[in-house]
Colleague: 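The structure follows.
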Amino acid sequence: MTPAIALAFALPLGVALAAIGSAYGLGRAVSAAMEAIGRQPEAAPRIQLAMVIGAAFIEALTIYALLTVFILQGRIG
């Protein structure tokens, strides 16, 4: 197996793992925030702000993985 073939298999797999991890993390973060808002409705604005910032960081990691794939895709073949 040449390095180009290994890279061709690894890149989509890496993006898929990043997307799955991001989806799982977002689901847990939003679920925990909704439970916290349900327990303390008066703290909803602060909890929502923290949730949105956390979700942005999670999405940023997924976008970095996608950009890495696009950059490394040029090295295949």
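Being a predicted model, the structure only gives us computed values, none of them experimental. Residue indices begin at 1 and follow the sequence shown.
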Colleague: Which residues pass the side chain to side chain contact (heavy atoms under 4.5 Å, CB included) test with Thr62, sequence neighbours left out?
Modeller: Ser22

Colleague: Tell me every residue that passes side chain to side chain contact (heavy atoms under 4.5 Å, CB included) with Ser31, counting only those two or more places apart in sequence or in another chain.
Modeller: Glu35

Colleague: With sequence neighbours left out, which residue pairs that include part of residues 38-50 fulfil the side chain to side chain donor-acceptor pair (under 3.5 Å) condition?
Modeller: none

Colleague: Would a single hydrophobic cluster contain both Val15 and Phe70, if residues Ile, Leu, Val, Met, Phe, Trp and Tyr are joined by side-chain heavy-atom contacts under 4.5 Å?
Modeller: yes

Colleague: Taking only residues two or more places apart in sequence, or in another chain, which ones meet Ala55 in a side chain to side chain contact (heavy atoms under 4.5 Å, CB included)?
Modeller: Leu26

Colleague: Does Leu11 belong to the same Ile/Leu/Val/Met/Phe/Trp/Tyr cluster as Ile63, with side-chain heavy atoms less than 4.5 Å apart forming each link?
Modeller: no

Colleague: Once you round to the nearest 0.5 Å, how far does CZ of Phe9 lie from CD1 of Ile76?
Modeller: 10.5 Å

Colleague: Checking one residue: Val30. Which other hydrophobic residues are in its cluster under the side-chain 4.5 Å linking rule?
Modeller: Met34, Ile37, Ile47, Met51, Val52

Colleague: I need the Leu67 CG to Leu72 CG distance, nearest 0.5 Å.
Modeller: 11.0 Å

Colleague: Are Phe57 and Leu49 joined in one hydrophobic group, where the rule is that I, L, V, M, F, W and Y side chains link up if heavy atoms are under 4.5 Å apart?
Modeller: yes

Colleague: Holding to side chain to side chain contact (heavy atoms under 4.5 Å, CB included), I want the full list of residues that pass it with Ile71, two or more places apart in sequence or in another chain.
Modeller: none

